[in-house]
2 protein chains.
Amino acid sequence: MEWPPRYSENFTPNLDQEYWSPELETMPPAERDKHILAKLKRQVHYAFENSGFYQEFYKDAPVDPANLASLEEFAQLPILTKEDIRREQEEHPPYGRFLCVPPEDIFRVHGTSGTTGRPTVFGIGKEDWDRIGEAHARILWGAGLRPEDTVMVAAVFSLYVGSWGALVGAERLGATCFPFGSGAPGQTERAVEWSTTVKPSVLYGTPSYALYLAETARQMGFDPKEDFGFRFMFFSGEPGASVPATRRLIEETFGCYIVDQGTMAEMTPWMSASGCRHLDGGMHLWQDIVYTEMVDPQSKLGLPLGEEGVPVYSHTERTSQPMIRYWSGDIARWDMVDCPCGRTYPTLVAGIYGRVDDMIIVRGQNVFPSRIEDVLRGMDEFGGEFRLVLERETGQMDRLTVQAEVLNEAFASREFDPSALEPVRERFTGALRRAIGVSVAVELKPAGEFERTQFKARRIIDLRTH
Amino acid sequence: MEWPPRYSENFTPNLDQEYWSPELETMPPAERDKHILAKLKRQVHYAFENSGFYQEFYKDAPVDPANLASLEEFAQLPILTKEDIRREQEEHPPYGRFLCVPPEDIFRVHGTSGTTGRPTVFGIGKEDWDRIGEAHARILWGAGLRPEDTVMVAAVFSLYVGSWGALVGAERLGATCFPFGSGAPGQTERAVEWSTTVKPSVLYGTPSYALYLAETARQMGFDPKEDFGFRFMFFSGEPGASVPATRRLIEETFGCYIVDQGTMAEMTPWMSASGCRHLDGGMHLWQDIVYTEMVDPQSKLGLPLGEEGVPVYSHTERTSQPMIRYWSGDIARWDMVDCPCGRTYPTLVAGIYGRVDDMIIVRGQNVFPSRIEDVLRGMDEFGGEFRLVLERETGQMDRLTVQAEVLNEAFASREFDPSALEPVRERFTGALRRAIGVSVAVELKPAGEFERTQFKARRIIDLRTH
């Protein structure tokens, strides 16, 4: 097998084809495992040979990184965490000893913004960049993108890699790209003007952005269903696109279908977990591009299909800064689904619905913010935004209060008076209790109380003292 | 001659070469004119054949657009203005009948933000995009960029094309790109952190951005000369890089050299007017890429070398949305200079120092804001920012007041008291009078009075009623 694989620069499937790479996408899973093992053997050997970090990281590994015999042996390599990367890059700035190519061969520098600590730097070589384009074109083809489409990329172009991945994938596929970006003051109003003029057929952004775009359009006198021309949208960065009620809300608002995508910035090609044009929520794991294992959050041991755990990701064809067995910290459940697309990949059936760190334990029950979002968006009176306030009193269990906006119609022309809304509050409380299995406090707020975001919404207010 | 020209995808010169395309860059001007005529003949014929707009626009032309015999004939084609483009795109949205390729062949959609009217839409085909990369790599090679450099692109990635041009040119040249962007709240602080960590060797942005970056760095405790690693910077979007005092200020602040670049968004490849690593201010006109004529602002007739006028630009190898004889509205003076680089191009000797619309007439004298900036930045007490206030009283000539910040040191520890600063004000007034030939009013303001910008500074406050 040739490693790293070479792809034809100009190939695109016929328009009526379901798959970009029929063989890889519909392989029997056992056969795919062999294919993946062959790639991983080369990937791990390559990293071990060329990266000072992996030489040290694997020195006490119970298996031979230069010659892995099975996926079971692969699963015995140590798991790599964000903290490992930070420490390594702190000691060997800026890339750490991850780089397997000379620094002058780096084509692009990206990174994470470092909102939760030291920024992480990604050095990406030209060949990796081209493979990212190829992989993402293939995934976007599955999402329904075709060369005649115009893709508006409405996420900030900076360190953040999601927008660049969408751009390079759509470019490779031969679509028209409209790299609008986001994040500057007043930019959403301009996005409304431009997308009602240029009429892009596809939108990439975050689910929060799509909802904000619709709200802005309405304020400007446009009808999101009539005045835009979106055929579908693909999202990453937030769980919303697999949260059923949010999903339906976006689909109905714009009259289009939506596709959820994900993984981690560190993993580029960034959206190797991705739905297809048929899947109603959730994401297929395109295992031959980035190999995903599901592990137990505590034991870190592999979990079979059907289980909930933490996805652990590995590059299979990355030569510049490979990430092997990277701990995502996300929570998801994986399984085989009988998707009309016919792909034989395992699927994150409900998308990525939480983070290990976000999981709230209320009287012994695991609660994810995305589940609460789903319930709220199913309520007629819900006003569009919410916050979760977490408190801890000494010797007590964590207390969770759901602050939910309600629409003006819910309290007619009266001044906002929470006590008059008692029946609404009780309905919210009951629906949440039924969905998450425990009682939480609910406070109602007038619509517009909470800030809207164009990027990833931050909805958890943690007042607990640690 | 093959038109449009084809370029090798992988060519780069040897590191010690001054030129990317020695023959084209050092041709005797008369020979170059023949080369340009051959390209323009094909370009105009192509546009006339494939664009409904040009068919109509040229129907009363005194020359045959399908068969131009000379550059003099070319100069008899009508001049295209921003208003022409707006009207055409309004009537035939979104691109107007400029497009000479099917809309599905468009690779990128960009545009102008429309701050002064209807946005202008640019549809750019893949082959044009590749030629843009090639042309800009060649120009950046002349600016001193080499494959081992890391280029931080610190201008917003959105509709604005300058940042994308810098990116695609640096990519084609084989440099490492760090597309950081700009414009989001807090992004300049992060730019300081990242550029002191990743140490890019080259910066692209606006002159205003560079000064703002330095100011932000100092506030954060960094020394712009010690803690960054910039070898050179290239700028567009503002005249500052050819304003001598601004130029020296930036060079001294960062300990690097700077290169001025320009033309118009409509013209992509965007920086076909560009200095080289030798030129101390001003821009060579890379005529075989984009052909520049200099015309009289009133008569619109061609001006010889040595004269001041309005640059009129024409694509010579654009197949998607060609712009032919596009009126820039800028003011510049062109001439031949004896640049150590040896290129035989005409040069905008003082860069683009004004706009026809910006030109202020004070008691019969033409005054450009960039000249005032130059004087102010030469004053020791100058506090970094200024505004020009234009007023008109009935029956009077326009009155210009220069509001200039002065440094705290200029008034020691006293409260800010303009009257105590009378000697400073007189010095400013005298210097301005000597430089621009007429007296203007000067008002001093404390440093920090005026907002700093990351993008193009807007320094003219026009209170005239029109």
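A quick note: this is a predicted structure, and the numbers were derived from the prediction, not measured. Order of the sequence lines sets the chain letters (A, B, ...), proteins ahead of strands, with each chain counted from 1.
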S.K.: Between A/G181, A/P94, A/S158, which has the largest tally of heavy atom pairs under 4.5 Å with chain B?
M.R.: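 The residue among A/G181, A/P94, A/S158 with the greatest pair count is A/S158.
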S.K.: Using non-hydrogen atoms only, which part of B/R190 is less than 4.5 Å away from chain A: side chain, backbone, both, or neither?
M.R.: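 Side chain only.
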S.K.: Is the number of heavy atoms from other residues, nucleotides or ligands within 6.0 Å of CD (A/E9) greater than 12?
M.R.: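 No, not enclosed.
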S.K.: Could you check whether A/Q89 and A/T120, counting side-chain N and O atoms only, form a donor-acceptor pair closer than 3.5 Å?
M.R.: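 Short answer, no.
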S.K.: Check each atom of B/P102 against the heavy atoms of chain A and say whether the ones under 4.5 Å are side chain, backbone, both or neither.
M.R.: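 Nothing of B/P102, per the 4.5 Å heavy-atom cut-off to chain A.
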S.K.: Relative to chain A, which segment of B/P147 carries a heavy atom at a distance below 4.5 Å: side chain, backbone, both, or neither?
M.R.: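 Only the backbone of B/P147 comes within 4.5 Å of chain A.
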S.K.: Please look at B/W164 and chain A and tell me whether the side chain, the backbone, both or neither of the residue comes under 4.5 angstrom of a heavy atom of that chain.
M.R.: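 Looking at B/W164, just its side chain touches chain A.
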S.K.: Would you check if there is a donor-acceptor pair between the side chains of B/D149 and B/S201 at a distance under 3.5 Å?
M.R.: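 Yes, a side-chain donor-acceptor pair sits under 3.5 Å.
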S.K.: Could you tell me whether the side chains of B/W20 and B/E134 share a donor-acceptor contact shorter than 3.5 Å?
M.R.: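 Yes.
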S.K.: Would you indicate whether A/E127, at its atom CD, is surrounded by more than 12 heavy atoms from other residues, nucleotides or ligands within a distance under 6.0 Å?
M.R.: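 Counting neighbours around CD of A/E127, 12 or fewer heavy atoms of other residues, nucleotides or ligands fall under 6.0 Å, so no.
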S.K.: Look at A/E148, A/E104, A/E171 and state which one has the largest set of heavy-atom pairs under 4.5 Å with chain B.
M.R.: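 Max contact count across the listed options: A/E171.
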S.K.: Based on non-hydrogen pairs under 4.5 Å, which of A/P179, A/A170, A/G174, A/G125 is most in contact with chain B?
M.R.: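 Looking at each of A/P179, A/A170, A/G174, A/G125 in turn, A/P179 comes out on top.
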S.K.: So which of A/W129, A/F157, A/Y95 has the biggest tally of heavy-atom pairs under 4.5 Å with chain B?
M.R.: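 Option with the greatest count: A/F157.
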S.K.: Taking side chain as everything from C-beta outward and backbone as N, CA, C, O, which of these in B/L167 sits under 4.5 Å from a heavy atom of chain A? Side chain, backbone, both or neither.
M.R.: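 Looking at B/L167, just its side chain touches chain A.
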S.K.: With a 4.5 angstrom heavy-atom cut-off, is it the side chain or the backbone of B/A175 that approaches chain A, or both, or neither?
M.R.: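 B/A175 touches chain A through backbone heavy atoms alone.
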S.K.: Just by distance, no angles: are the side chains of B/R131 and B/T319 close enough, under 3.5 Å, to form a donor-acceptor pair?
M.R.: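 B/R131 vs B/T319: donor-acceptor pair found between side chains.
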S.K.: Answer yes if the ring centres of B/F254 and B/F228 are under 6.0 angstrom apart, and no otherwise.
M.R.: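 Yes; B/F228 has its ring centre under 6.0 Å from that of B/F254.
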